[in-house]
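First comes the structure, then the notes that go with it.
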Amino acid sequence: DAKTTQPPSMDCAEGRAANLPCNHSTISGNEYVYWYRQIHSQGPQYIIHGLKNNETNEMASLIITEDRKSSTLILPHATLRDTAVYYCIVRVSNDYKLSFGAGTTVTVRA
Amino acid sequence: DTGVSQNPRHKITKRGQNVTFRCDPISEHNRLYWYRQTLGQGPEFLTYFQNEAQLEKSRLLSDRFSAERPKGSFSTLEIQRTEQGDSAMYLCASSLFREIVNEKLFFGSGTQLSVL
């Protein structure tokens with residue numbers, strides 16, 4: 001059963017902010033939102049995660065709505081190297097595994 | 001390079017043959033995961049180890065699949081009597097597990113298996 005819904009693909013312009021949406025309307029109180037990305041021919045790479053507060057690190061920002069039913073990953077200044085598949089994952093706090101969906105294929109164009 | 005290393009990068013085999021993949025995790029990482037990924041899909045969990053103990057196996061891991069992590073260091077994934085449906089990218093990931101809420105997985109680049 002899918003816990004998250006993401007658009008299959010999106011384009012963004014190099015140098016602009018990329019806003020990647022994720023719907024997780026059935027999220028429970030003890031479930032975290034994780035984002036990973038997978039560049040072609042590589043394994044997934046951790047980006048960021050959060051529970052209910054907005055989070056920021058050197059790669060991206062994560063904005064979680066107050067009701068926690070959706071979130072947005074923001075890449076502040078997209079570069080061509082950000083072209084990848086981005087996975088939004090909801091993980092129960094006591095779950096040993098990450099369950100990946102199909103993700104969003106993000107293409108950054110010059 | 002101190003990342004997760006997987007060998008070989010590519011493996012072509014004939015149906016019915018056995019294959020073995022190796023994963024060298026990041027040094028001192030205590031958890032090691034195996035995932036499988038087919039074209040256009042996200043990775044699917046297969047199994048994981050806490051040190052040398054294999055703690056969980058997915059239903060995807062049939063009896064033809066076996067994984068080991070002797071001494072809690074490198075791990076091997078063996079597929080016996082390969083089938084064409086086994087063709088996929090096999091990904092290994094490791095983590096330094098202290099608390100699950102902050103666990104970050106580091107993935108290798110995978111082994112691409114093609115069964116002819």
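Numbered from 1 within each chain, the chains take letters A, B, ... in sequence-line order.
A salt bridge links A/D82 to A/R37: at least one charged side-chain nitrogen sits closer than 4.0 Å to a carboxylate oxygen. At a threshold of 4.0 Å, the pair A/K3-A/E31 counts as salt-bridged, since one of the basic side-chain nitrogens sits closer than that to a carboxylate oxygen.
Between the side chains of A/H24 and A/S71, at least one donor N or O lies within less than 3.5 Å of an accepting N or O. For the residue pair A/D67/A/T65, the side-chain donor-acceptor check at 3.5 Å is satisfied.
At a 4.5 Å heavy-atom cutoff, the contact between B/L105 and chain A is made by backbone and side-chain atoms alike. Looking at B/E103, both its backbone and its side chain come within 4.5 Å of chain A, counting heavy atoms on both sides. Heavy atoms of A/L51 lying under 4.5 Å from chain B are absent altogether.
Per-residue counts of heavy-atom pairs under 4.5 Å with chain B were compared for A/P44, A/G103, A/S41; the largest is that of A/P44. In terms of heavy-atom pairs under 4.5 angstrom with chain A, the leader among B/P43, B/G42, B/G110 is B/P43.
With rounding to the nearest 0.5 Å, the separation of CG in A/N54 from CD1 in A/I63 is 4.0 Å. Once rounded to the nearest 0.5 Å, the distance linking OG1 of A/T79 with CZ of A/R81 reads 5.0 Å.
Residues of residues 54-85 of chain B lying under 4.5 angstrom from chain A, judged on non-hydrogen atoms, are B/E56 by number.
Between B/Y35 and A/F100, the distance from one ring center to the other falls under 6.0 angstrom. In this structure, B/Y90 has its ring center under 6.0 Å from that of B/F21.
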